[in-house]
Amino acid sequence: MSHPLDDGLPLGGPPHAASAWTELEDHAKSELPHLRDLFADDPSRDIRMGFECADLWIDLSHQNLTDETMGFLVDLATQRQVVGTLQKTLIGDTVNSTEGRPAVHGAMRSPRAVVQGLAEVETGRATFDRMAALASEIRDGEARGATGRTVDAVVHLGIGGSHLGPALAVDALRHLTHPRVEVRFSSGIDPDDLNEALAGLDPETTLVVACSKSFTTLETLAALDGAMTWLSNGIGEAAIDHVIGVTAAPERARSLGLPEEQILEVPLGVGGRFSLGSAVGFSVMVAIGPEAFHEVLEGMHVIDVLSAAEPPEENAAVLLALVDVWNRCFLERGSLAIVPYAHRLRLLPTHVQQVSMESLGKGVCQNSDDPETATGPVVWGAPGTDAQHAFFQLLHQGTDVVPVDLIAVARSLTDDDRSVHGQDLLVANLIAQADALAFGRTPDEVRTEGVPEDLVAHQTFPGNRPSTTILMPELSPSTLGQLIALYENRTIGMAALLGLNPFDQWGVELGKELATRIGDGLTNRDGAQDPSATELLRRYRSLREG
Ligand code: F6P
């Protein structure tokens, strides 16, 4: 496996080979000023540390860094050629070193003029046309089921990257979904999940989209099995006519009886967690229409181009990646909380969780060396202000310092007084939380409130806790695409800084293998039994059999 070199330093290797890394290590040992002081000394800090990125505005001023920190971080990005890696990713170079292939999610959502000559991308793009034709047929009420009735529901089966992105997009853009066509999602192996998704629907008017890049995923194939039974009960042998396969393994879909015209191909080079802008987004296209779907892709592409072109000091994705590395590797902060102050972005944290943790949850560099630093943070989150009433106690006064992404949308869907007021309250809460985290409340300030001395410590807020604010003008197909692509490029940027391959996920395989073996053992008593779970299996069996 060959790795690009920079002045003889392996880019796919541990980051501390870069001189800026050592400077950052020394810098991190120095006591950085408290955010209170940083703002007191520089009231225009939020202007200087705010960055426009297409329609988004990113405010890094509430992060624990000075101009000097930023200088070292930008040097690191230069030495690790992060922008170069984002460029190579966009133009379809072989950046996925352990699987020996390009990562073409960016190429897929690029206009033809930008990226050419990648056969699988051409196939992927041709699929967009087929998707649009079918999606329009369904939306226009021209799609007929096997019994001749009009299709009015789509049930999307898929898990991980074959679920999280599409579910987020349909939920976030619900205001654009077609009034007559219902799009539902089912991801889990738990029968309740599928039953809920099928509840109240009619097999005669329902299409099932089986979405799996590998078409080997246990959960999705089991759900497809369940859905086929449900369809067969309603329309008999024609059940297969109501199934669309979305996959990078068309041969497997064919082997399950799906005819060519009911298979939408995903390029192998599109990673699951980066796959919204491919046939994996078919159900999204049905829900919001081909035009809006392409606006999502255009929004994503704008960010891809900025990330692959702007110098580090002006490159929002790279700056966010640098701040992640600063927090994770130098300030030893183990997690990152994602808190969107928008109901329609409530599925964003789980999507970013997969993008980030499946890309950066690695203990080995591309060149197989030990990275000798912490890598991917634990990503978690929930929508604001709900989160304030759940885990913000820990964010403010806990012993762990948790960097937080706060995401705001300026314009709500409706502009009546109640909505505008609601929006103002949402954003006021976001700003209040960013300030409370940053500036805290000192013991003396608590005392001036007349708080009894024995409660002062309990009501003191250390502050100096970091947050990044991302402001969106509105939640539209384009801005949603921009936000998702910003997290993707940020993640790829962090991987480049740490010498990791963000495009593989070998770590998910062992659990799958064991699950198959234990599953066989459960259904077939003579099969291999798991010695470490003998008692659990015995109790499970006895409880199951009642
Ligand atoms: O197990 C993890 C994973 O492979 C993810 O990377 C992927 O998004 C998900 O499972 C679903 O995989 P598939 O699309 O092949 O069904």
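Counting starts at 1 for both ligands and their atoms, in listed order. In what follows, residues are counted from 1 in the order of the sequence shown.
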**Student:** Check the pair Asp405 / Arg490 against salt bridge (Lys or Arg N to Asp or Glu O under 4.0 Å), numbers first and verdict last.
**Tutor:** CA-CA 13 Å; Asp405 279 9; Arg490 169 183 179 171; 2.7 Å; yes
**Student:** Which ligand 1 atoms are under 4.0 Å away from a heavy-atom of Glu358?
**Tutor:** 2 (C), 5 (C), 6 (O)
**Student:** For ligand 1, which atoms have a heavy atom of Thr217 less than 4.0 angstrom away?
**Tutor:** 12 (O), 13 (P), 15 (O), 16 (O)
**Student:** Report, in ascending order of atom number, the atoms of ligand 1 lying under 4.0 Å from any heavy atom of Lys213.
**Tutor:** 13 (P), 14 (O), 15 (O), 16 (O)
**Student:** Starting from atom 8 (O) of ligand 1, locate the nearest protein heavy atom and write down its residue, its atom name and how far away it is, to 0.1 Å.
**Tutor:** Gly161 N, 2.8 Å
**Student:** With only distance considered, is Gly160 within less than 3.5 Å of ligand 1 through an N or O on each side?
**Tutor:** no
**Student:** Pull out every atom of ligand 1 sitting under 4.0 Å from any heavy atom of Ile159, numbered as shown with elements.
**Tutor:** 9 (C), 11 (C)
**Student:** Could you tell me whether the side chains of Ser232 and Thr229 share a donor-acceptor contact shorter than 3.5 Å?
**Tutor:** no
**Student:** Of Asn327, Asp324, Asp400, which is the lone residue that meets side chain to side chain donor-acceptor pair (under 3.5 Å) with Arg333?
**Tutor:** Asn327
**Student:** Which option, Lys512, Gln354, Gln505, Arg273, owns the non-hydrogen atom nearest atom 10 (O) of ligand 1?
**Tutor:** Lys512
**Student:** Determine, using ring centers only, whether His294 and Phe128 are less than 6.0 Å apart.
**Tutor:** yes
**Student:** Can you pull the salt bridge (charged side-chain N to carboxylate O under 4.0 Å, His left out) pairs that have at least one residue in residues 233-248, sequence neighbours excluded?
**Tutor:** none
**Student:** Have a look at Arg273 and tell me which of His351, Gln353, Gln505, His105 forms a side chain to side chain donor-acceptor pair (under 3.5 Å) with it.
**Tutor:** Gln505
**Student:** Looking at every non-hydrogen atom in both residues, tell me the closest pair between Arg184 and Glu196 and how far apart they are.
**Tutor:** NH1-O, 3.6 Å
**Student:** Under 4.0 Å from a heavy atom of Ser162: which atoms of ligand 1 are those, numbered in the order shown and with their elements?
**Tutor:** 13 (P), 14 (O)
**Student:** Report yes if some N/O of Thr220 lies less than 3.5 Å from some N/O of ligand 1; otherwise report no.
**Tutor:** no
**Student:** Just to confirm my output: which protein heavy-atom neighbour is closest to atom 15 (O) of ligand 1, and how far is it?
**Tutor:** Ser214 OG, 2.6 Å
